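By convention in this document, chain letters (A, B, ...) are assigned in the order of the sequence lines, proteins followed by strands, and residues within each chain are numbered from 1. Since we're looking at a predicted model, the values are computed, not measured.
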Amino acid sequence: MMKYDFTAIEKKWQARWLEEKPFTAVNGDTTREKFFGLIEFPYPSGQGLHVGHARPFTAMDIICRKKRMQGYNVLFPIGYDAFGLPTENYAVQHKIHPAKVTHDNVENFRRQLHMLGYSFDWDREVNTTDPDYYKWTQWIFLQMFKKGLAYKASMPVNWCTSCKIVLANEEVVEGVCERCGGEVIRKEKAQWMLAITKYADRLIDDLEDVDFINRVKIQQRNWIGRSEGTEVDFTATNGDRLTVYTTRCDTLFGVTYMVISPEHPYLEQWKDQIQNWDEVSAYQAEAARKSDFERGELNKEKTGVRLQGIEAVNPANGRHVPLFVSDYVLMGYGTGIVMGVPGHDQRDWDFATAFGLPIVEVVQGGDITREAFVLKDDTGIMVNSGFLNGMTVKEAIPAMKEHVTKEGYGRPKTNFKLRDWVFSRQRYWGEPIPLVHCEKCGWVPLPEDQLPLLLPEVESYEVTDTGESPLAKMTDWVNTTCPCCGGPAQRETDTMPQWAGSSWYFLRYMDPHNDKALASKEALNYWSPVDWYNGGMEHTTLHLLYSRFWHKFLYDIGVVPTREPYGKRTSHGMILGEGGEKMSKSRGNVVNPNDIVAQYGADTMRLYIMFVGDFEQAAIWSTEAVKGSKRFLDRVWNLAENARDSTDPTPANEAILHRTIKKVTGDIDSLKMNTAIAAMMTAVNELTANGVTKGDMKILIQLLNPFAPHITEELWERFGFAAESGKMCCQSDWPVYDESKTVASSVEFAVQVNGKLKGTVTMPTDSSEQAVADAAMAVDKVQKATAGMKVVKTIFVRNRLINLIVKPQ
RNA sequence: GCCGGUGUGAUGGAAUUGGUAGACGUAGCGGAUUCAAAAUCCGCCGCCAGCGAUGGCGUGUGGGUUCGAGUCCCACCACCGGCACCA
């Protein structure tokens with residue numbers, strides 16, 4: 001008997017696939033239905049591919065291989081999201097050009113991806129750092145700029161006081177610099193922004209039309225954070241307008257004070273009118289020194305200062321209430337001013353209690369001496385609220401909204417938690433922003449025929465002392481002429497964030513070599529949208545949202561044919577280390593797929609990573625348990641070697657095979673790869689007991705092919721099927737089951753007495769209730785349990801169970 | 001605090017969606033084969049009591065609905081992930 005030599009077999013087929021390209025997607029093929037399966041393209045890190053990549057990649061490879069065998073024209077592409085900080089840091093440390101680092105890392109990734117037998121269309125590989133690629137990233141940015149969606153604004157950034165550089169949020173760990181441990185403060189800096197908030201409504205509403213797993217939809221909705229409320233104009237005693245945003249306009253009569261954010265520009269304007277300005281400005285300074293981190297940490301304890309000399313007037317009842325400055329009011333949400341309703345908002349209650357302010361009840365039902373009463377349901381009735389008295393909160397909100405609108409001191413208003421996207425990075429290894437600043441003309445876009453704007457060579461990739469990008473030191477590059485007036489001008493030296501290139505890469509896969517457009521109209525029309533996109537939950541609120549935003553913009557300007565980029569989104573769980581902890585270098589529990597492939601082969605690796613657990617749930621890696629998958633493949637190999645030389649199926653195996661076809665086909669579509677494999681294991685165990693023909697094996701290896709493509713392709717060839725019809729992966733004959741053949745001739749019925757299991761009886765399939773009842777009564781334990789009893793009722797479930805309900809006679 | 005998710009043998013996990021809990025693996029135990037080991041094959045493998053037939057208990061906890069609950073309802077507990085003074 002020949003041993004299953006996985007090393008030789010896998011090498012052989014990987015070389016054949018590379019040469020013969022059986023996985024090439026065909027643009028515009030209308031004879032077949034298209035299927036675009038997408039995985040999140042990897043960041044080519046120096047550590048190479050890890051088992052965390054193998055899980056989603058293998059799953060989508062299985063889906064795509066099966067789709068091909070079902071006759072689809074499948075696009076399953078791969079690329080590299082290669083701009084980014086780790087590469088830049090490595091380049092700085094080792095004085096190697098980041099492009100060189102990227103190139104080497106990509107080669108390593110490519111080798112590993114081949115090693116695992118993925119059926120990518122290698123002719124469509126993309127790389128975000130390739131100028132032919134980022135030309136179009138820049139082009140999209142320019143279209144956004146032209147439509148007014150890109151603008152420059154002063155934003156607080158993380159500034160490391162020791163390194164003197166701007167840090168990304170990910171580089172700030174518990175308030176200090178990740179690299180040097182230095183103090184990080186907030187510093188105002190002008191940054192390019194993208195107005196994603198203009199798409200907030202559509203980003204929520206269009207979730208209705210896509211097939212995303214629910215937790216992704218929920219997380220995106222929460223992140224965008226739409227809230228429907230009311231703006232109400234209060235008046236300051238100095239005449240200025242104090243507009244607040246509230247979702248509870250019904251409580252307007254319960255306002256006993258107001259609060260303004262320490263960052264609010266009014267304070268500076270009111271400097272001379274505020275009698276205790278020293279105290280107020282000291283409070284402002286203190287708030288500014290606190291990082292976001294601290295401000296969040298110190299939550300519950302309310303601090304603030306009452307403004308002396310200015311009060312607020314409630315438009316609903318004309319009452320004067322005191323005005324405070326307090327850092328619990330955020331400048332970034334609403335209007336930066338809030339009305340204080342301590343009776344019905346816990347934060348306001350805390351503040352009012354700390355400052356001894358009156359607490360007025362306007363909704364009945366709680367005990368406002370102990371805590372705020374915040375319920376919004378029908379249990380509360382309005383009191384102390386003029387014309388609202390007697391209404392429920394549910395009635396009072398729309399009534400008040402209408403009232404303030406009619407009276408002219410308020411209006412309905414929708415607010416979002418979503419902020420505009422900070423799009424600038426003061427870094428080298430990113431796409432240059434193709435804009436030029438001219439004294440006369442302002443910010444001017446580079447003409448499109450000058451794209452791509454190449455990243456220039458620099459001597460050092462270190463950021464400058466002032467926190468500017470390394471590009472700022474390249475005066476030859478920075479100084480240019482204005483495309484508009486021809487006068488002297490400077491280039492923007494910020495680069496784009498890593499999210500830019502990944503916001504549209506799936507479009508480039510559709511037509512990756514096009515130099516006239518990001519992709520041709522034909523290719524976009526044919527392949528759009530992505531049919532199935534699987535990726536990590538950690539990308540839900542960034543990459544996934546950003547790319548939906550870009551896609552909607554491209555739809556608006558007529559570039560892409562669909563409103564949404566992805567038809568279906570699923571998400572995989574993490575692979576944890578042996579101890580159940582996250583895999584990391586510092587814990588020393590990282591598993592390298594190279595080692596597993598060397599020891600057991602790629603087919604075993606693929607099988608195990610799918611068998612390890614529920615795909616959507618986190619799973620714990622066990623190198624020990626990998627053996628089980630290898631043993632299974634050994635058994636398949638043995639079974640094949642002992643197959644009788646007949647292409648006829650064996651009658652005894654018919655039901656087994658049809659059941660397995662049904663189970664595997666359904667399970668792949670619902671991502672239950674673990675139970676699909678278990679079903680194939682069961683089938684192999686049963687087939688081994690019965691003995692098989694080549695005909696039986698044909699079906700088995702077809703089902704197994706998406707999971708273990710090398711061994712099955714080899715067996716296919718050895719059985720002589722390849723001589724008849726070519727490679728297995730190119731066949732459009734995924735096995736089809738016949739429902740009537742999946743049922744066995746007899747089934748085991750559970751026999752219960754009063755719901756307690758007493759035994760089983762094996763009876764012909766579809767036996768009648770009477771027949772099963774008779775057989776059940778013959779069971780020893782049933783006789784014991786029913787002795788002296790009367791059967792009052794029988795519950796019968798077809799092909800499942802019979803339950804006898806008995807009572808004493 | 002809010003929003004998601006999860007809780008099942010020693011262990012990873014199954015369970016036709018309310019119908020025989022523990023499929024399929026891993027580990028373990030016993031046996032075969034071997035000079036020996038590995039590999040392979042056969043058998044056992046939820047817990048408690050019992051030599052045994054057998055009986056009792058059992059899906060995080062406590063209640064409920066039902067002929068029947070891992071699955072549905074109510075109230076809790078623990079862990080994981082996300083957000084967090086969002087007015």
Classify the nucleic acid contact of A:Asn415 as base, sugar-phosphate or nothing, counting any heavy atom under 4.0 Å across all strands shown.
nothing

Can you identify which nucleotide, out of B:rA87, B:rG4, B:rG19, has its nearest atom closest to the A:Leu801 side chain?
B:rG19

Please determine, for the side chain of A:Arg215, which listed nucleotide (B:rU26, B:rG4, B:rC85) has the closest atom?
B:rG4

Rounded distance in Å between the P positions of B:rG55 and B:rG4
46 Å

Assess whether side-chain hydrogen bond (donor to acceptor under 3.5 Å, both in side chains) is satisfied between A:Gln346 and A:Asp350, documenting all intermediate values.
CA-CA 6 Å; A:Gln346 193 55 44; A:Asp350 293 339; 3.2 Å; yes

Paired nucleotide for B:rU66 [Watson-Crick or G-U wobble; both distances under 3.5 Å]
none

Have a look at A:Lys781 and say if it touches a base, only the backbone sugar-phosphate, or nothing, with a 4.0 Å heavy-atom cut-off.
sugar-phosphate

Where the side chain of A:Thr246 is defined as all heavy atoms beyond and including C-beta, which of B:rA87, B:rA14, B:rG68 is the nearest nucleotide?
B:rA87

Assigned partner base of B:rG28, Watson-Crick or wobble definition, under 3.5 Å
B:rC44

Let's test your reading of the model: under 3.5 Å, does the base of B:rU20 pair with the side chain of A:Glu748 as donor and acceptor?
yes

Can a cation-pi geometry be assigned to A:Lys630 and A:Tyr600, taking NZ or CZ under 6.0 Å from the six-membered ring centre and within 45° of the ring axis?
no

What does B:rC76 pair with, Watson-Crick or G-U, if both distances are under 3.5 Å?
B:rG60

Selected nucleotide, minimal atom distance to A:Gln617 side chain, candidates B:rU6, B:rC67, B:rC85
B:rU6

Side chains of A:Ile677 and A:Met610, heavy atoms from C-beta outward: is any pair under 4.5 Å?
yes

Need to verify one output field. Residue with the more 5' nearest nucleotide on RNA chain B, A:Val797 or A:Lys756?
A:Val797

Can you list every pair that meets side-chain hydrogen bond (donor to acceptor under 3.5 Å, both in side chains) and has a residue in residues 213-224 of chain A, with sequence neighbours left out?
A:Gln220-A:Arg548

Candidates B:rU26, B:rG12, B:rA87 - which lies nearest the side chain of A:Val612
B:rG12

Select base, sugar-phosphate, or nothing to describe what A:Arg635 touches, counting heavy atoms under 4.0 Å on all strands.
sugar-phosphate

If I pick the P atom on B:rG81 and the same atom on B:rA10, what distance separates them, to the nearest angstrom?
26 Å

If you check every side-chain atom of A:Ile805, which of B:rA87, B:rG25, B:rC67 has the closest atom?
B:rC67

Remember a base hit wins even if backbone is also touched, and classify A:Asn754 as base, sugar-phosphate or nothing at under 4.0 Å, heavy atoms.
sugar-phosphate

Complementary nucleotide of B:rU20, counting Watson-Crick and G-U pairs under 3.5 Å:
none

The nucleotide from B:rU20, B:rC85, B:rC3 with an atom nearest the side chain of A:Asn222 is B:rC3

Considering every strand and a 4.0 Å limit on heavy-atom distances, what is the contact class for A:Ala618: base, sugar-phosphate, or nothing?
sugar-phosphate

For atom CG of A:Asp738, is the number of surrounding heavy atoms from other residues, nucleotides or ligands below 6.0 Å larger than 12?
yes

Establish, with yes or no, whether the OP1 or OP2 oxygen of B:rA87 is under 4.0 angstrom from a side-chain nitrogen or oxygen of A:Tyr245.
no

Among B:rG82, B:rG13, B:rC24, find the nucleotide with the atom closest to the side chain of A:Gln219.
B:rG82

When A:Ser622 and A:Phe615 are each assigned the nearest nucleotide of RNA chain B, the 5'-most assignment goes to A:Phe615

Looking at side-chain heavy atoms only, is the closest gap between A:Phe324 and A:Ile260 below 4.5 Å?
no

Candidate nucleotides B:rC24, B:rG19, B:rU20, ranked by approach to the side chain of A:Ala678 - the nearest
B:rC24

Protein-to-nucleotide contact annotation, 5' to 3' order, nucleotides 28-33 of chain B [B base; S sugar-phosphate only; - none; under 4.0 Å, heavy atom]:
------

With a 4.0 Å cut-off on heavy atoms, is A:Asn214 in touch with a base, just the backbone sugar-phosphate, or nothing at all?
nothing

Return no unless some side-chain N or O of A:Lys793 is found under 4.0 Å from OP1 or OP2 of B:rU66.
no

Side-chain-base donor-acceptor pair under 3.5 Å for A:Lys417 and B:rC83
no

B:rA14 -> Watson-Crick or G-U wobble partner, both distances under 3.5 Å, gives none

Regarding the side chain of A:Ile795, the nearest nucleotide among B:rG19, B:rA87, B:rC85 is B:rG19

Give none if B:rC51 has no partner; otherwise give the nucleotide forming a Watson-Crick or G-U wobble pair with it, both distances under 3.5 Å.
none

Using a heavy-atom cut-off of under 4.0 Å over every strand shown, decide if A:Asn685 touches base, sugar-phosphate, or nothing.
sugar-phosphate

Need the pair for B:rG1. Rule: Watson-Crick or G-U wobble, both distances under 3.5 Å, any strand; none if unpaired.
B:rC83

Pairwise P distance, B:rU59 and B:rG7 [rounded to whole Å]:
14 Å

For B:rU26, take OP1 and OP2 only and decide whether either is under 4.0 Å from a side-chain N or O of A:Arg631.
yes

Go through the side-chain N and O atoms of A:Ser227 and A:Tyr245 and say whether any donor and acceptor fall under 3.5 Å apart.
yes

